[in-house]
Amino acid sequence: MMRRLRRTLAIYGSVASMTPKTFLAYSIWVWVEFFLQIMAMIIFVYFWRAVYAGGGALNGLSLRQTLNYILLAQIILPLAQTRAVFRFGFIIREGQLIIELLRPLDFQAAEYADSIARLGLYLLLKLPLVVIAWLFFGLQLPANPAVWGAFAVALVLGHAVLFFFDWAYACLAFYTTETWGLSVVREGVAAFFSGALVPLAFMPGWLQGVANALPFAQGLYVPISILSGIAPLSDVPRLWLVQIIWLVSMLAASRLIFRVAVRTVTVQGG
Amino acid sequence: MAAIEVENLSKVFRISKKDPGLGGAVKALFGPRYEDKAAVNGISFAVNAGEMVGYIGVNGAGKSTTIKMLTGILLPTSGQARVLGRDPHRQRVANAREVGVVFGQRSQLWWDLALIESLDLVGKIYEVEPARYRQLLHQFSEMLELGELLRVPIRNMSLGQKMRAELAATLIHEPKVVYLDEPTIGLDLIVKERIREFIKQQNRERQTTVILTTHDLGDIEELCRRVIIIDAGKLIYDGPISTIKERFGKYREITFETGGRSGAVDLPPGAEPVGADSAARKLTLRFDRTVTTASRVAASVMDQIEVLDFSLAEPDLSSIIKQIYSGALREQIAEEMPA
Amino acid sequence: MIRYLSLYREFLIQRFKILMEYRVNFIIGSTSTIFVQAAGLLTIWVVMRQIPSLNGWSFDEVLMIYGLVTLAKSINHMFADNLWTIGWYYVRSGGFDRFLVRPIDPLFHLLADRFCHDGIGNFLVGAALVVKSSVSLGLVWTPLKVLYLVSAVLSGGAIFMALNLITATSAFWLMESIPVTQVIFNTHEFAKYPLSIYHKGISLILTWLIPYGFASFYPASYLLGRDVGAMAWLGPVVAAMLLAISYRVWLVGLRHYSGTGS
């Protein structure tokens, strides 16, 4: 039993270790994203300073707290963006679906291994950005290691929620070839409801309701509000529990929808 | 009158040289090193209006670089090209009106549009007069059997259908000069035959000048009386096909139909067996024309065994070209080519 | 000129035939950007309903700025989107050669080759914002102001196109121009808000170096009756100059291409 588990992990481990290599091949994009994120940070810093020009707190958040939250959210944001739509679109277009399904590993598990490797690599690549935000924009990081631990767990859980949501959403690419539009819709909705642009606390009740009914906040708002101190440590167990419920239901939904989509496509001879 | 004149044409590309690995990349960033490579090196030739010329050479010999200079896409490093009396680069638009290009595998048609719509658009771009356009469309449809295809988007066409569509689009503005790059690559014999027939007919009816680059010597033998061979950017042969065959067909094959047994035969110097099939009673020999002659080989064999009949194969262009490409004949050509 | 206009019409007709063939894609593509715009707009609304003004600009006034830059962007998106793909789609594959053997201007051919329907959504959002803003603020549209609006949007579109053309030209050297284009293009995000909220240096850059300010802040100021002096009228001049510069850069790129053919 243990040996089998170890062997399985080794296989998925080797899938995951391929990720940094392919990623670094596109290093120009690492730089582009770096510049774009700095630019976005500058805009947000000035925007929020102007918002708080009247002084005081808004929705119980001071300028410092809001900026802290927004800067961290901007650093993490690309993580909350979808890859699955393009991946599925590519697989369908190139007729690779059968090849992927015939491999002696679970397709979804292999893709998840790839995705978690991306998460790790991504966090590493974002360290310079954290330093810049700290030096120039006054980003403050928590000193309490328990906060960091709670954040890490929430991040991995939230990442999984979004991964499985995207898996189900990307199945739409099986039916339409317009992957660009699909991903743009997804990015647009996620940008707002994940809380990447504005903390959920700013939203009126009904919008907060929508945000809580969508999975995006689990991947971004929850971990970032823990790290930025908006959510107190005492609240963390409840947040984790909600994330786990999301995770389980998204996992089940993604596998079901994928199976239906594959059947439709393979019936058509794709 | 010469439709194309090329004088001492050269194209030198500057290639940046990089050492392998990260160190190399960094070094290249600070002190890039370049190397000059002459893709085309001092080529001269002239093609008369209405002529069809095969332009051949191995991959990387400089064929497409030459064509790109003749179409105005590339500017020559030195020397001169004139097409219909114009400088194809400086007078690019005027030149483009009167030439047509088929770029092998790269389609000039719109992937998602039905053929008829692509053709309409091409007609508008080249300002083909509408009545003339309809007339040509009708004619091409018949010659290339486009009828049903006109409604089909390019993306749904087979290779052969695509090429027929491509040819129609290239010739719809009745260019005076046409460059065809691998027009029959990957096609089956019937489609090849149709395409060759179409090109021949266009040449006959409109005196279209055709430059054909191809690896298919069938195309050349069928369409061209003259070939230009380039190798490593240099012109190594320019003349009739028949001359190459005569002069450079070093090896020829002779086949004997034997009466009875065809056992061991002592061969004259310069000849070697290619295949012996005792059941069919055939003996095929290959001999080096520079060492011996057909009559000497025949006489020698007939002295030893009973021969009912024998035949001498025409030298095959493809085997000659193969020898030229492999470099075996390079010196010989250099010696024999009239300066 | 007339010839190119009628030719553009032909390209457009054929392009719509393709788009109609993939109707679902057409609908998703042309409406998808609305979602992204909605995210940005909801953010502004959510924040601004709690404060009296952003640096002295009311919510509806900010919408005018946002609307103008979105309209300008949509012009570029619809008519010049092929500038993004010139590297990997045309230069690397050798497809660019096709434009050079045709008897029309290669830049015209490149742009006309693909009208991009994805820009329609942006156009609708931008137009809706300008309408909403002017209705809420009770702006009076004299013919002169309408003319001013049209010229501001066209100038703004030209600024977007010119900047994209300059960065896209790098494809002739680098094969791939999207990274460079993306970085410069994204600075237009600054122009969605009043330039006065930024550090002086930033607003100078967005006025004189990457002049997206003329696609939003300055014309919006004029339309809203705020005094920005001569800046209100410089937009078309800046756009024309930038277009001229970008076309020169493009020609240099073309010359390089005809030297290397790569």
Side-chain angles (χ1 to χ4, degrees), chain A residues 26-40 42-59 66 70 172 175-204 207-208 210-211, chain C residues 19 22-57 62 116-118 121-122 174 176 178-199 201-203:
Chain A
Y26 298 97
S27 56
I28 179 80
W29 286 107
V30 177
W31 284 106
V32 169
E33 201 173 78
F34 184 70
F35 279 120
L36 296 185
Q37 285 189 278
I38 289 180
M39 220 188 287
I42 296 174
I43 294 175
F44 275 108
V45 168
Y46 282 104
F47 175 77
W48 286 102
R49 275 189 198 159
V51 168
Y52 275 93
L58 292 170
N59 305 298
T66 305
I70 288 292
L172 282 174
Y175 302 94
T176 163
T177 49
E178 170 67 79
T179 48
W180 186 82
L182 283 181
S183 75
V184 166
V185 171
R186 152 78 173 72
E187 303 299 296
V189 175
F192 184 75
F193 289 108
S194 67
L197 300 173
V198 58
L200 296 196
F202 272 74
M203 298 181 188
L207 272 180
Q208 284 193 35
V210 178
Chain C
L19 291 176
Y22 298 100
R23 219 155 304 170
V24 178
N25 287 4
F26 177 74
I27 293 166
I28 297 177
S30 37
T31 54
S32 58
T33 47
I34 293 177
F35 287 84
V36 177
Q37 299 303 347
L41 288 165
L42 270 175
T43 303
I44 296 178
W45 175 72
V46 157
V47 173
M48 287 199 68
R49 83 203 160 92
Q50 310 186 31
I51 52 171
S53 76
L54 189 72
N55 201 256
W57 293 69
V62 173
C116 186
H117 61 290
D118 300 330
N122 275 338
L174 305 174
E176 178 64 284
I178 295 180
V180 183
T181 303
Q182 186 85 60
V183 168
I184 299 301
F185 176 81
N186 265 49
T187 57
H188 86 269
E189 297 281 340
F190 283 96
K192 287 179 172 175
Y193 311 101
L195 286 191
S196 53
I197 68 170
Y198 302 112
H199 184 272
I202 294 177
S203 74

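Sequence lines set the chain letters: A, B, ... in the order given, protein chains first and strands last, and positions in each chain run from 1.
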Could you look at [X] and say if it's the side chain, the backbone, both or neither that has a heavy atom under 4.5 Å from chain C?
| X | answer |
| --- | --- |
| F47(A) | both |
| I43(A) | both |
| A53(A) | neither |

Quiz item: Would one find more than 12 heavy atoms of other residues, nucleotides or ligands at under 6.0 Å from atom CZ of R23(C)?
Solution: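 At most 12 heavy atoms, drawn from other residues, nucleotides or ligands, come within 6.0 Å of this atom.
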Self-check item: For chain A, the option from H199(C), E176(C), M48(C), E189(C) that forms the most heavy-atom pairs under 4.5 Å
Solution: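 Of the options given, most contacts go to H199(C).
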Exercise. Determine the option with the most heavy-atom pairs under 4.5 angstrom with chain A, choosing from I51(C), L42(C), N55(C), I28(C).
Key: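 Heavy-atom pair counts peak at L42(C).
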Quick one: pull up [atom1] in [X] and [atom2] in [Y] and give me the separation to the nearest 0.5 Å.
| X | Y | atom1 | atom2 | answer |
| --- | --- | --- | --- | --- |
| T187(C) | M39(A) | OG1 | CE | 6.0 Å |
| Y198(C) | I42(A) | OH | CD1 | 10.0 Å |
| T43(C) | M203(A) | OG1 | CE | 7.0 Å |

Quiz item: Which answer fits I178(C), side chain, backbone, both or neither, if we ask what part of it has an atom under 4.5 Å from a heavy atom of chain A?
Solution: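 Looking at I178(C), backbone and side chain both touch chain A.
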Quiz prompt | Greatest number of heavy atom pairs closer than 4.5 Å to chain C - which of V189(A), N59(A), L207(A) | solution =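 The residue among V189(A), N59(A), L207(A) with the greatest pair count is N59(A).
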Quiz item: When only pairs under 4.5 Å are counted, which of V198(A), L36(A), L182(A) shares the most heavy-atom pairs with chain C?
Solution: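 Most heavy-atom pairs within the cutoff with chain C belong to L36(A).
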Can you check whether [X] reaches [Y] side chain to side chain, under 4.5 Å on heavy atoms?
| X | Y | result |
| --- | --- | --- |
| F35(A) | P179(C) | no |
| V24(C) | Y175(A) | no |
| V183(C) | W31(A) | no |

Non-hydrogen atoms of [X] and [Y] that approach each other most closely:
| X | Y | value |
| --- | --- | --- |
| G40(C) | L197(A) | N-CD1, 4.4 Å |
| S32(C) | W180(A) | OG-CZ3, 3.8 Å |
| A191(A) | A39(C) | CB-CB, 4.3 Å |
| Y46(A) | I197(C) | CD2-O, 3.3 Å |
| V184(A) | V36(C) | CG1-CG2, 3.4 Å |

Quiz item: With sequence neighbours left out, what residues match E187(A) under salt bridge (Lys or Arg N to Asp or Glu O under 4.0 Å)?
Solution: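 So E187(A) forms no salt bridge (Lys or Arg N to Asp or Glu O under 4.0 Å) with any residue.
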